[in-house]
Asks: 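Take this structure, written in structure tokens, and hold onto it; I'll ask about it next.
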Amino acid sequence: MICNVLCFGESDCSNTLEDENDPDIPCQALVYRIARQHIYAILLGTGDGSPDSCPVVQEWYVYHGNMLEKPELVPALPLSIQGGTPTARELWLSNNPDIQIQRFYTCMACFHVERWTEGIRSLDSHLAATCCLLIYLSVQVDSLTLTDVEAFLAQTLCLPGKSGSQLSSLQLSYVDSRAVHLAFIFLRGLITLMACNSACGYPFDMMDLMPWNTFDGKLFHQKYLLCLERKPLDVILEKQESLIMEFKKLRTIIIEASEAQNRVLQPGPTRTSSLLPVTGGSFTRRDQFYASPSCDQRNERNEWHNVPRHQTTNQGRQFYPYPNQRGENNSWQGVPDWQASHHDLDRDFRTHNLKPGDYGW
């Protein structure tokens, strides 16, 4: 996304997974447009303040009713923060000792959660990312309920303790189409946050934002169904007292941040009409081990993706503007970075072995 915006003034997303029969949840392309506009402002500037001078990006984002016959012209949107919108040059190349704090603050400002930067920055990266996105979604999506937020938090807290075999053995008796829609919305949020992380000079370690370290759709679906059934917290969080305490802390942060933006989260109603039995196949996951001598596999789940999971606080990483400064040995020799990353993402989707019948559609 960053390369396309800088070189061609374009941004695109040609696929989505949404329930057309649930109009209460807006399209992901529109939910994250404001965040993308802030990213454009960091990358391209904001002009001299007049509307005519504001940079415009051509967006090719699919959503219901948009046939992608022509791009939408989306202007860059300045950040409403003290000092104005910083430039990519400042965020990427500055040697200021406090630049990492500014990078994180700017990243949070793109999602309108800059007022809670200090509390969010103290969290582990995967928890900080989840809180950032859930606060943003709570304000942008009117139909998001407290029950939805609790399901996302439960998934995020329980995921680090799950092995690959445990995740693959999870069984779902029912599939809720709304949960599928919400899961895709969240994943698109992660991708948007990754783009924002790049634009802001990497306040997060990018590996901590990768979906396989942050989100598992089947685990989320399990927690979502438990939350709909109003199960007690010790059941939802698998009787782990430390997770229950962390859950209450994170939930309080999200509720208070949402209320400060005039959004009061309410518990969702118990839903049964959209629950569909899984008759088209089982939710199984193939282990496609992809060996790489340069990766230190630390557990079974991360072996699928060749990346170690580091449980560290949100310290960010050193940003190198030029690839040859990193001294990395790219296993995809001669392949552009964006193609290599797309190959990995395609492989991640294939490992879930999902077919249309798995959702009962």
Side-chain angles (χ1 to χ4, degrees), residues 13 15-29 31 62-64 130 133-134 137 141 143-159 161-191 211-212 214-233 235-238 267-288 301 304 345-361:
C13 176
N15 62 86
T16 191
L17 182 61
E18 300 170 356
D19 185 3
E20 293 183 355
N21 295 321
D22 187 358
D24 292 337
I25 303 178
C27 305
Q28 57 85 15
V31 169
V62 65
Y63 55 87
H64 182 61
T130 299
L133 291 177
L134 290 180
L137 288 174
V141 181
S143 61
L144 195 77
T145 68
L146 183 60
T147 305
D148 302 330
V149 169
E150 291 174 342
F152 279 117
L153 288 178
Q155 185 279 150
T156 301
L157 290 169
C158 292
L159 180 61
K162 298 292 184 182
S163 67
S165 58
Q166 287 175 316
L167 291 173
S168 65
S169 64
L170 287 176
Q171 296 297 319
L172 301 175
S173 300
Y174 294 93
V175 172
D176 190 310
S177 62
R178 188 171 188 274
V180 176
H181 196 162
L182 288 173
F184 193 82
I185 288 275
F186 187 85
L187 280 174
R188 280 298 174 195
L190 273 179
I191 294 172
W212 53 83
T214 311
F215 188 81
D216 184 87
K218 193 157 54 169
L219 181 61
F220 167 72
H221 220 114
Q222 182 194 64
K223 301 304 180 184
Y224 182 83
L225 296 179
L226 291 175
C227 289
L228 283 183
E229 295 171 5
R230 301 292 193 271
K231 297 293 185 180
L233 273 182
V235 174
I236 297 173
L237 297 171
E238 303 168 6
T270 302
R271 291 165 58 98
T272 57
S273 59
S274 61
L275 296 178
L276 304 173
V278 180
T279 58
S282 61
F283 283 85
T284 58
R285 186 171 189 166
R286 286 197 306 269
D287 288 358
Q288 296 188 1
R301 177 161 57 88
W304 295 344
L345 289 175
D346 290 342
R347 175 164 50 80
D348 299 335
F349 281 112
R350 289 199 301 272
T351 57
H352 282 281
N353 193 26
L354 296 179
K355 302 179 291 298
D358 293 337
Y359 289 105
W361 294 340

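Here the structure is a predicted model, which is why all the values come from computation and not from measurement.
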Asks: For a side chain to side chain contact (heavy atoms under 4.5 Å, CB included) check, start with the C-alpha distance between Asp216 and Lys162, then their side-chain angles and the critical distance, and finish with the verdict.
Replies: CA-CA 10 Å; Asp216 184 87; Lys162 298 292 184 182; over 6 Å; no
Asks: May I ask you to test the Leu144-Leu182 pair for a side-chain heavy-atom distance under 4.5 Å?
Replies: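 A side-chain contact exists here, since the closest heavy-atom pair is under 4.5 Å.
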Asks: Under a 3.5 Å distance rule, please check whether His181 uses its side chain to pair with a backbone N or O of Asp22 as donor and acceptor.
Replies: no
Asks: Could you tell me which residues satisfy side chain to side chain contact (heavy atoms under 4.5 Å, CB included) with Thr16, sequence neighbours excluded, listed by chain and number?
Replies: Glu18, Gln28, Val62, Phe184
Asks: OG/Ser168 to CG/Leu170 distance, rounded to the nearest 0.5 angstrom?
Replies: 8.0 Å
Asks: Using a strict cut-off of less than 4.0 Å between a Lys/Arg side-chain nitrogen and an Asp/Glu carboxylate oxygen, indicate whether Lys231 and Glu150 qualify as a salt bridge.
Replies: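 No salt bridge links Lys231 with Glu150.
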Asks: Name all residues meeting the side chain to side chain contact (heavy atoms under 4.5 Å, CB included) criterion together with Thr130; count only those two or more places apart in sequence or in a different chain, and write none if there are none.
Replies: Leu134, Leu153, Thr156, Phe186, Thr214
Asks: Taking only residues two or more places apart in sequence or in another chain, which ones pass side-chain hydrogen bond (donor to acceptor under 3.5 Å, both in side chains) with Thr145?
Replies: Asp148
Asks: So which heavy atom on His64 is nearest to which on Cys27, and how close?
Replies: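 Here His64 and Cys27 meet closest at N-SG, 3.9 Å.
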Asks: Mind listing the closest non-hydrogen atom pair of Ser163 and Gln166 along with its distance?
Replies: N-OE1, 2.8 Å
Asks: For the side chain of Gln222 and the backbone of Leu172, is there at least one donor-acceptor N/O pair under 3.5 Å apart?
Replies: no
Asks: Between the side chain of Lys223 and the main-chain N/O of Ile236, is any donor-acceptor distance below 3.5 Å?
Replies: yes
Asks: If you compare all heavy atoms of Cys158 against all heavy atoms of Leu237, which two are closest, and at what distance to 0.1 Å?
Replies: SG-CD2, 4.1 Å
Asks: For the pair Glu229 (side chain) and Leu226 (backbone), establish whether a donor and an acceptor sit closer than 3.5 Å, ignoring hydrogens and angles.
Replies: no
Asks: Show, in sequence, the C-alpha distance, side-chain angles and deciding distance for Leu17 and Leu187, and conclude whether the side chain to side chain contact (heavy atoms under 4.5 Å, CB included) test is met.
Replies: CA-CA 11 Å; Leu17 182 61; Leu187 280 174; over 6 Å; no
Asks: Under a 4.5 Å cut-off applied to non-hydrogen side-chain atoms, are Arg178 and Asp19 in contact?
Replies: no
Asks: Please work out which of the three classes, parallel, tilted or perpendicular, describes the rings of Phe152 and Phe220, given edges at 30° and 60°.
Replies: parallel
Asks: In Å and rounded to the nearest 0.5 Å, what is the CG to CZ distance from Leu137 to Arg188?
Replies: 14.0 Å
